[in-house]
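Reviewing the structure listed below.
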Amino acid sequence: MLKVTNTLTGKKETFEPLTSGHIQMYVCGPTVYDDIHIGNARSAVNFDTIRKYLIYSGFSVKYVMNITDIDDKIIKKAIDEKKDFHEIADTYTQAYLEVMKKLGVQPPDVQPKATDSIPEMIELITGLVDSGHAYVSGGDVLYDSKSFKTYGKLSGKNLEELIEGIRVEKNDTKKNPTDFVLWKTAKPGEPSWDSPWGKGRPGWHIECSAMVRKHLGDSIDIHGGGVDLIFPHHENEIAQCEAFTQKPYVKYWLHNGFIEISGQKMSKSLGNIWKTKDALADFRPEVLRYFFLSAHYRSGLNYDRPILESADRGWKDFHQTFKMADDKIEGPDGVEQMDLLELRLGIDDLEEKFKEAMDDDFNTPKALAVLFDFARLIRQVTSQRERPTPGAKDLLGEAIERLKIFGGILGIVQKEKPVIPTKIDEWSKEREDLKKTNNYEAADQKRNQIIASGYLLADSKMGTSAIFPYEQIRFKQDEDKYLNYGWVIPSGLPNQNSYLFTENGIQNIDEMKINLDTNASTWLKDKGFLD
RNA sequence: GGCGGCAUACCCAAGUGGUUAAGGGAGCGGUCUGCAAAACCGCGAUUCGGCGGUUCAAAUCCGCCUGCCGCCUCCA
């Protein structure tokens, strides 16, 4: 039985959709005025995972996530860069979609743009004006927050106290300080649309309300977003929609916590924004997802390079399970009996344990622990010396399939297997032969040759060599210059050492890791690799 | 000032009344190994910010204190 923490009630509740078996779900998407930061990415991954789990649980889910393509910040940027606001919005929409794709976020069923829903917004605003919930003042249309009796119910705020706390601005046209803009009169040169109140553009809160109604209906099951949206954004959405429709707007409000940098929120004013595309340049998307999901979605999550690196190492170990099992399955058959009881039991328990974790308000850290335990069971079998019988191979294959299913819901399983060039394969076999004749010097040379080509060998107990591709690592020289000068084993592969490949040969250097974030060129010069 | 959240080992992080306090990283010891790496096995909080209280029983409930953070203004 699925339970979710509902911001509206502040409690963990049993989840029952309005229509049995079907879920209407809306999540506030990005405002496309810049590259998205990792906080946006975390939110997207959290709700993507929630959506995938709901589908796995047997619900049919209609998932809508908007793109806010008209907004003060977009207009400001357009003016600053002397471009049309559409151009700014399009550029960052494309960048956003690209990052989502890399992160393995399944595209929403509908991804509406605010500017495509202007008529629906006008319809809503008109209704609110007609029913006395909104008024025209100074050319703007404002929502009368005092007209909505339960204003503040989501954020737990008291309207009177709110009003007292807000200092009254001069020339304010609002009846109450808590009133908010539904429709803004256009200033000269700003993008605008025709409306009953003259040329103008929508306020921020109205767009989500309009898109929810347009694509999902008056009452929906789940509405998600970051904690910062609780007030005023979601509070205002409730006020608008419920005043208009006289129906409950959202049954379950889900809010994810912030990414923190050194214990503080990430914000423009603090200047501590991490762009997702920069994180993706250094870490695999699966590692980023593992990192995001390693804390509960409602909690804050501290982001720091060393923490990401430890997530990276953890994920590699986990992911190596697939490679190890594949090698065992594809290897020769054996006749000896392997110890498989634990694995059999593990397979039988996996689904129940995973569901138990996820049913508890999408407890992904617990779910990850379940998968890591299971992966260890698989590795225990694959690390046994015996060759597997065909029956043991079947069981291993079954275990891997299960791990892929549940790992897939969390999005931490790499989709495609790395391809090894035949040349590298041949060199590996040649090295095997050299080893067999105790020609170790030549064998090591062959190994270096393979490493220099960007691949690593790993000998197993069965005497065969597994081969893994490296990825080039980028040593930060300064803020935006990178120096390509070595290789490190990519995520998913079993070796964390860095190797430096130069004309002087291949160096296995642990210090390289320590120096990743320091001035690498100085270090390379000290070691004589650079002039 | 109002509202809300957090404090668990060296680091990240689950656990919210009752078996040995998950999992990951780092560390240490061992097995394996031509070397190296990987893998596997084992070890690691008598204790959950502090002080009281409730209870047969609390990291988990209540009170107070301390520290940190978020929202109340754009923000995932």
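Letters go in sequence order (proteins before strands), and every chain restarts at 1.
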Is any N or O donor-acceptor pair between the side chain of A/Asp317 and the base of B/G24 shorter than 3.5 Å?
no
Mark yes or no for whether A/Asn363, through its side chain, and A/Lys366, through its backbone, hold a donor-acceptor pair below 3.5 Å.
yes
Using atom P in both nucleotides, what's the gap between B/U31 and B/G24 to the nearest angstrom?
23 Å
Assess the side chains of A/Ser428 and A/Glu432: does a donor N or O sit below 3.5 Å from an acceptor N or O?
no
salt_bridge(A/Lys323, A/Asp327) N-O dist < 4.0 Å
yes
Could you state the atom-to-atom distance from CD1 of A/Ile67 to P of B/A76 in whole Å?
13 Å
Nucleotide nearest A/Lys435 (side chain, heavy atoms from C-beta), chosen from B/G34, B/C69, B/C72
B/G34
May I ask you to say what A/Ser267 touches in the nucleic acid, namely base, sugar-phosphate or nothing, with a heavy-atom cut-off under 4.0 Å?
nothing
Choose from B/A22, B/A76, B/C40 the nucleotide whose nearest atom is closest to any side-chain atom of A/Arg379.
B/C40
When you compare B/G17 with B/C40, how far apart are their C1' atoms, in angstrom units rounded to a whole number?
38 Å
Paired with B/C48: which nucleotide, if any, by Watson-Crick or G-U wobble criteria at under 3.5 Å for both distances?
none
Counting the atoms with a prime plus P, OP1 and OP2 as sugar-phosphate, which does A/Met324 contact under 4.0 Å by heavy atoms, base, sugar-phosphate, or nothing?
sugar-phosphate
Between A/Lys277 and A/Asp35 (salt bridge meaning N to carboxylate O under 4.0 Å), is one present in this structure?
yes
How far does the P atom of B/U60 sit from the matching atom of B/C64, given to the nearest Å?
16 Å
Mapping A/Asp444 and A/Leu301 onto RNA chain B by nearest heavy atom, which one lands closer to the 5' end?
A/Leu301
Tell me: CG of A/Leu308 to C1' of B/A26, nearest whole Å?
16 Å
Are any of A/Arg313's side-chain N or O atoms less than 4.0 Å away from OP1 or OP2 of B/G24?
no
Could you check whether A/Arg284 pairs with A/Glu286 (Lys NZ or Arg NE/NH1/NH2 to Asp/Glu carboxylate O, under 4.0 Å)?
yes
Under 4.0 Å, counting only non-hydrogen atoms across every strand here, what does A/Tyr290 touch: a base, just sugar-phosphate, or nothing?
sugar-phosphate
Using a heavy-atom cut-off of under 4.0 Å over every strand shown, decide if A/Gly39 touches base, sugar-phosphate, or nothing.
base
Who is the Watson-Crick or G-U wobble partner of B/U60, with both distances under 3.5 Å?
none
Do A/Lys146 and A/Glu160 pass the side-chain contact (heavy atoms from CB on, under 4.5 Å) test, and can you show the C-alpha distance, the side-chain angles, and the key distance before you say yes or no?
CA-CA 9 Å; A/Lys146 274 196 171 173; A/Glu160 296 303 325; 3.8 Å; yes
Just checking A/Gly257: base, sugar-phosphate only, or nothing, at a heavy-atom cut-off of under 4.0 Å?
base
With a 4.0 Å cut-off on heavy atoms, is A/His233 in touch with a base, just the backbone sugar-phosphate, or nothing at all?
nothing
Starting at atom CG of A/Asp228, determine the distance to atom P of B/C74, rounded to an integer number of angstrom.
11 Å
Would you mind classifying the nucleic acid contact of A/Asn363 as base, sugar-phosphate or nothing, using non-hydrogen atoms under 4.0 angstrom?
sugar-phosphate
If you find the nucleotide of RNA chain B closest to A/Ala443 and the one closest to A/Gln264, which residue's nucleotide is nearer the 5' end?
A/Ala443
Candidate nucleotides B/G2, B/A13, B/G34, ranked by approach to the side chain of A/Lys157 - the nearest
B/G2
Looking only at atom P, what distance separates B/A14 and B/C61, rounded to whole Å?
16 Å
Students often get this wrong, so: under 4.0 angstrom with heavy atoms, is A/Arg376 touching a base, only sugar-phosphate, or nothing?
sugar-phosphate
From NE2 of A/His234 over to P of B/A76, roughly how many Å is that when rounded to an integer?
11 Å
For A/Ile36, which contact category applies under a 4.0 Å heavy-atom criterion: base, sugar-phosphate, or nothing?
nothing
Report the distance from atom CG of A/Asp34 to atom C1' of B/C74, rounded to the nearest whole Å.
14 Å
With heavy atoms under 4.0 Å as the rule, sort A/Phe372 into base, sugar-phosphate or nothing.
sugar-phosphate
Is there a Watson-Crick or G-U wobble partner for B/G34 with both distances under 3.5 Å, and if so, which one is it?
none
With sugar-phosphate meaning primed atoms plus P, OP1 and OP2, does A/Arg42 contact a base, only sugar-phosphate, or nothing at under 4.0 Å between heavy atoms?
nothing
So what does A/Ile230 touch, heavy atoms closer than 4.0 Å: a base, only the sugar-phosphate, or nothing?
nothing
Ignoring hydrogens and geometry, is there a side-chain-to-backbone donor-acceptor pair from A/Asp48 to A/Gln106 under 3.5 Å?
yes
Could you give the distance separating B/A7 and B/A59 at their P atoms, to the nearest angstrom?
15 Å
Write down the distance between CG (A/Asp304) and P (B/A26), rounded to a whole number of angstrom.
17 Å
For A/Tyr440 and B/G34, do the ring centres fall under 5.5 Å apart while the planes stay under 30° apart?
yes
Distance in angstrom units between A/Asn256 CG and B/A76 P, rounded
11 Å
Would you measure the distance from the C1' atom in B/G15 across to the matching atom in B/G23 and give it in whole Å?
11 Å
Taking atom C1' in both B/U46 and B/A9, what distance in whole Å separates the two?
13 Å
Taking the six-membered ring of A/Tyr33 as reference, does the NZ or CZ atom of A/Lys76 fall below 6.0 Å from its centre and within a 45° cone about the axis?
no
Say we look at B/G27 and B/U47: how far apart would their P atoms be, to the nearest angstrom?
27 Å
With the side chain of A/Ile259 defined as its heavy atoms from C-beta on, choose the nearest nucleotide among B/A76, B/A39, B/C72.
B/A76
Please give, in whole Å, the distance from B/G4 C1' to A/Leu8 CG?
15 Å
